[in-house]
Amino acid sequence: MDITTNFAPVSTHLPAHFIRTVVEDDLKTGKHATLQTRFPPEPNGYLHIGHAKSICLNFGLAQDFSGLCNLRFDDTNPSKEETEYAEAIQEDVRWLGFAWPGAVRWASDYFPALYAYAEALISKDLAFVDDLSADEMREYRGTLTEKGRNSPYRERTVADNLDLFRRMRAGEFADGSRTLRLKIDMAAPNINLRDPVIYRIKRAHHIRTGDVWCIYPMYDYTHCISDALEGITHSLCTLEFADHRPLYDWVLDHIDIPCHPQQIEFSRLELLYTITSKRKLLQLVQQGVVAGWDDPRMPTLHGMRRRGYTPAGIREFARRIGISRSENVIDMSVLEGCMREDMEASAPRVMAVIRPLKVVLTNFEHGVTAARSAGFHPQHPEFGERCVPISPDLWIEADDFSEIPPPGWQRLTLGGEVRLRYSYVMRCDAVIKDAAGQVVELRCSLDTATLGQNPVGRKVKGVIHWLSAAHAVAAEFRLYDRLFTVPRPDMDKERDFLAFLNPHSLAVAQGWVEATALQAVPETHYQFERLGYFCADRLDHQPGQRAVFNRAVGLKDVWANVLTKEGA
Ligand code: ATP
Ligand code: MG
C-alpha cells in the first residue's frame with residue numbers, strides 16, 4: 001500500500017505520468033492532431049474527491065496540451081438520476097476552475113444513434129433478442145472457471161430479432177422480459193464478452209427524454225459509442241473498467257463509426273478516514289447522519305467547498321497524488337496539508353475567540369491606553385492593515401488560562417504574564433469564579449511600557465490572541481473534524497461503516513471575531529490566528545448581520561494540543 005504522508009513543496013508544472021506520456025507521443029507522432037478527453041459522471045449523486053482526481057486529469061491534460069475536455073453525463077439509468085445532481089456536478093466542475101467547450105453532452109442525446117447502431121448490429125447478425133430472465137441469464141453465463149452456455153434464443157433469425165427489438169422499443173413487452181444481447185462468445189475467458197446485454201426494457205421516467213423510451217442502452221455499449229461520436233482521443237477511466245476494454249473495442253470494431261478512442265485505465269483514489277462510494281454517501285444523507293450532500297464533513301466537492309477547502313488546494317492535491325495503475329491510498333493529512341499551504345499564502349489573518357473568557361483590565365485608561373494597527377498578512381503588505389482596538393473588557397480563549405498550569409505552560413496563569421498579540425503585556429492578578437467553582441472572569445493589568453516594546457528586565461514568552469469586547473462582533477464557529485474514526489471505515493467485514501462515525505465530527509461554538517469579518521462576503525477565507533483556517537459559510541453567513549464561520553482545517557503546530565482535544 002502506498003500511503004503518502006509527506007510530499008514535495010508546491011511546484012508549478014504537472015509531474016509526468018504514463019497517460020501523459022501516451023498523449024505526448026500521440027501528438028508527437030501525429031496519431032492525433034489535438035487532444036480530446038471527457039469527464040463522464042453519472043448524475044446519480046454529488047461528485048466526491050475521487051471524481052476530482054478524474055476531473056483534474058481529464059481537464060488538466062486538455063489544458064496542458066491545448067486540447068478540449070467535454071463534460072458528458074452518463075444518463076442511461078433513469079431510475080437513479082436527478083436534475084439536482086446534474087446541476088450540482090456542473091457547478092462543481094466550474095468551481096474547480098475548469099470549462100468544457102460548448103454545451104454539456106448527454107449520453108441520452110445519442111439514444112437515437114445508439115438505437116440505430118443496435119439495429120445495424122442485429123442486421124449483421126451480431127446481436128439478438130433474448131427472452132431469458134435475469135436469473136436464467138446468470139445461470140447460463142458460467143463462472144470465472146466455467147464456460148457459459150449459449151442462450152436458447154441465440155439462433156433467432158435477423159428478421160425475427162429486428163421485429164422483436166422494434167417491438168421492445170414500441171413498448172409491447174413487460175419490463176425485464178426481454179433484452180438485446182451482443183453475439184460475441186459465451187466461452188470467452190473474459191465474462192464481459194459472454195454475449196453482454198446492451199439494451200433492457202425499463203419503464204422509468206428519464207430526466208431528459210421523459211417517457212419517450214422504454215428501452216435503455218447499457219453503460220458499456222453507450223460509453224464507447226458516445227466517446228467515438230464526440231471524437232474523443234483518449235478515454236480515461238478507472239481500473240475496474242480494464243476488463244471491459246475488450247468490449248469497448250469490440251463494439252467500435254463492429255459498427256460503422258470512423259473514430260476509435262483509446263481507453264486507458266488508472267487507479268481510483270482512496271482517501272483514508274472517509275468513503276468515496278456514492279451509494280454510501282447517499283446513505284449518510286438519507287439517514288440524516290449529515291445535514292446533506294454539502295455538509296462540510298462530506299468528501300463531496302459541495303461539502304468541501306462549504307467547509308472552506310479551496311479549488312487551488314484540491315487541484316494541488318490531485319497533482320501530488322499522481323496518476324498510475326498501482327493502489328492510490330492517500331492519507332487525509334495530504335489533502336489537509338494542501339489546504340493549509342494554499343490558505344497560508346492567500347488568507348488574511350485576523351483574531352477570533354471561540355471559547356470566550358472575560359478579562360477586565362484594571363488599569364485601562366481612556367485616552368491613554370492605545371490601540372495599534374496590524375497587517376492582514378505578514379508576507380503580503382498589499383493585503384492592507386487595520387486597527388486592533390482595545391477597551392477595558394477583553395475576550396481571551398478560555399483554554400489560554402490555567403489556574404494550575406501543566407509544566408512548560410507559556411500562556412496565562414494567576415500571577416503570570418502574556419503578550420496580547422499586537423498589544424501590551426498583561427498580567428493576571430485575580431480569578432473570579434461562580435458558585436460552581438468555574439472561572440468566569442479574570443482581573444488583569446497591562447504593563448503600559450510594553451506597547452511595541454519588550455518588557456524591561458524579564459522575558460514574556462507566551463503570546464495569545466484576544467479581542468476587545470467593545471469592538472468584537474458575535475460569531476458562530478462550526479468546528480469540523482473527520483467524519484470517521486478509523487482510516488478505512490468501509491473495509492471491516494463484520495461492522496457496517498456507520499459504526500465508525502466520529503461522534504465529535506461537529507462542534508458548534510458561539511464566540512467573537514474582529515468586526516471586519518462580519519462584513520466579509522460568503523466564502524471569504526481567513527486565518528483566525530492560532531485557531532486555523534476558516535471560511536464564511538456559503539449559506540448562513542450574512543454580511544453585516546450574522547457571522548458564521550466554518551473551520552476548514554486547523555493549523556499544523558501548537559494548536560493540536562490546545563482546542564482539538566475537545567473536538568474543537
Ligand atoms: P457509480 O458508477 O457507481 O455511480 P462512480 O464513482 O464510478 O460511481 P461516475 O459518475 O461513473 O461514478 O464517475 C465519473 C468518473 O469519475 C468515472 O470516469 C470514474 O472512473 C471517475 N471516478 C469515480 N470515482 C473515482 C475515484 N475514487 N478516483 C478516481 N476517479 C474516479
Ligand atoms: Mg461509473
Side-chain angles (χ1 to χ4, degrees), residues 2 4 17 19 37-62 69-82 84-90 92-93 96 98 100 104-108 207 218-220 222-224 226-227 230 232 234-245 248 261-283 285 293 298-302 304 314-315 317-332 334-335 488-491:
D2 153 41
T4 311
H17 55 70
I19 298 181
T37 56
R38 87 286 171 267
F39 172 63
E42 183 178 353
N44 63 350
Y46 281 63
L47 298 181
H48 54 63
I49 186 69
H51 294 113
K53 174 179 180 176
S54 177
I55 294 170
C56 291
L57 173 65
N58 281 293
F59 283 93
L61 280 173
C69 179
N70 293 347
L71 174 62
R72 181 204 315 141
F73 286 110
D74 154 33
D75 55 342
T76 51
N77 191 6
S79 54
K80 292 196 171 154
E81 294 158 5
E82 284 173 31
E84 175 198 338
Y85 298 142
E87 280 168 2
I89 289 170
Q90 295 179 53
D92 285 338
V93 174
L96 269 184
F98 298 110
W100 51 91
V104 169
R105 320 296 164 104
W106 301 81
S108 55
I207 54 171
M218 302 299 285
Y219 176 83
D220 280 331
T222 307
H223 195 73
C224 52
S226 306
D227 278 351
E230 291 177 15
I232 301 300
H234 302 81
S235 179
L236 313 179
C237 60
T238 36
L239 275 178
E240 69 273 20
F241 290 103
D243 288 345
H244 298 237
R245 184 172 1 116
Y248 185 103
Q262 180 184 1
Q263 174 178 312
I264 310 174
E265 309 88 21
F266 62 96
S267 45
R268 292 178 91 85
L269 164 67
E270 270 185 77
L271 190 60
L272 296 180
Y273 288 97
T274 191
I275 48 171
T276 46
S277 146
K278 276 197 237 173
R279 189 177 55 77
K280 288 179 182 154
L281 293 173
L282 177 65
Q283 202 181 327
V285 173
W293 285 99
M298 291 280 272
T300 53
L301 293 180
H302 258 62
M304 294 191 290
I314 294 173
R315 291 195 304 264
F317 172 73
R319 196 189 69 78
R320 280 183 195 173
I321 63 174
I323 296 290
S324 74
R325 291 176 67 91
S326 44
E327 263 197 281
N328 194 213
V329 182
I330 307 289
D331 195 78
M332 185 65 96
V334 178
L335 180 59
R488 309 189 85 159
D490 53 357
M491 292 295 265

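Sequential numbering from 1 along the given sequence is applied to the chain's residues. Keep in mind the model is a prediction, meaning the values are calculated, not measured. Order of listing sets the numbers, starting from 1, for every ligand and every atom in it.
Partners of Glu265 according to the side chain to side chain contact (heavy atoms under 4.5 Å, CB included) rule, which considers only residues two or more places apart in sequence or in another chain, are Cys237, Leu239, Ala242, Arg245, Gln263, Arg325. With sequence neighbours excluded, no residue forms a ring pair (Phe, Tyr, Trp, His ring centres under 6.0 Å) with Trp100.
Residue His51 places at least one N or O, backbone or side chain, under 3.5 Å from an N or O of ligand 1. Inclusion of Lys278 in the set of residues having an N or O under 3.5 Å from an N or O of ligand 1 is warranted. Ligand 1 has an N or O atom lying under 3.5 Å from an N or O atom of Arg268, backbone or side chain. At under 3.5 Å, a nitrogen or oxygen of Asn44, whether backbone or side chain, sits near a nitrogen or oxygen of ligand 1. Ligand 1 has no N or O atom lying under 3.5 Å from any N or O atom of Phe39, backbone or side chain. Not one N or O of Lys53 is nearer than 3.5 Å to an N or O of ligand 1, by distance alone.
Distances from ligand 1 to the non-hydrogen atoms of His48 include at least one value under 4.0 Å. The closest approach between Tyr219 and ligand 1 stays at or above 4.0 Å for every heavy atom of the residue.
Near Glu42, the atoms of ligand 1 lying under 4.0 angstrom from a non-hydrogen atom of the residue are 4 (O), 9 (P), 10 (O). Counting the atoms of ligand 1 from 1 in the order shown, those under 4.0 Å from a heavy atom of Thr238 are 19 (C), 20 (O), 29 (C), 30 (N), 31 (C). Close contacts between ligand 1 and Ser54 involve ligand atoms 16 (O), 21 (C), 30 (N) [criterion: under 4.0 Å to a heavy atom].
Aromatic ring centroids of His223 and Tyr219 lie under 6.0 Å apart. Ring to ring, Tyr85 and Phe73 are not that close: their centroids are 6.0 angstrom or more apart.
Contact annotation: the side chain of Pro299 approaches that of Leu281 to within less than 4.5 Å [non-hydrogen atoms, C-beta and beyond].
Contact record, Asp74 with Pro43: O-CD, 3.6 Å, taken as the closest heavy-atom pair. Summarising the geometry of Glu81 relative to Ile207, their closest heavy-atom pair is O-CG2, 3.5 Å, with the distance given to 0.1 Å.
Taking CZ of Phe98 as the start and CZ of Phe59 as the end, the distance is 7.5 Å to the nearest 0.5 Å.
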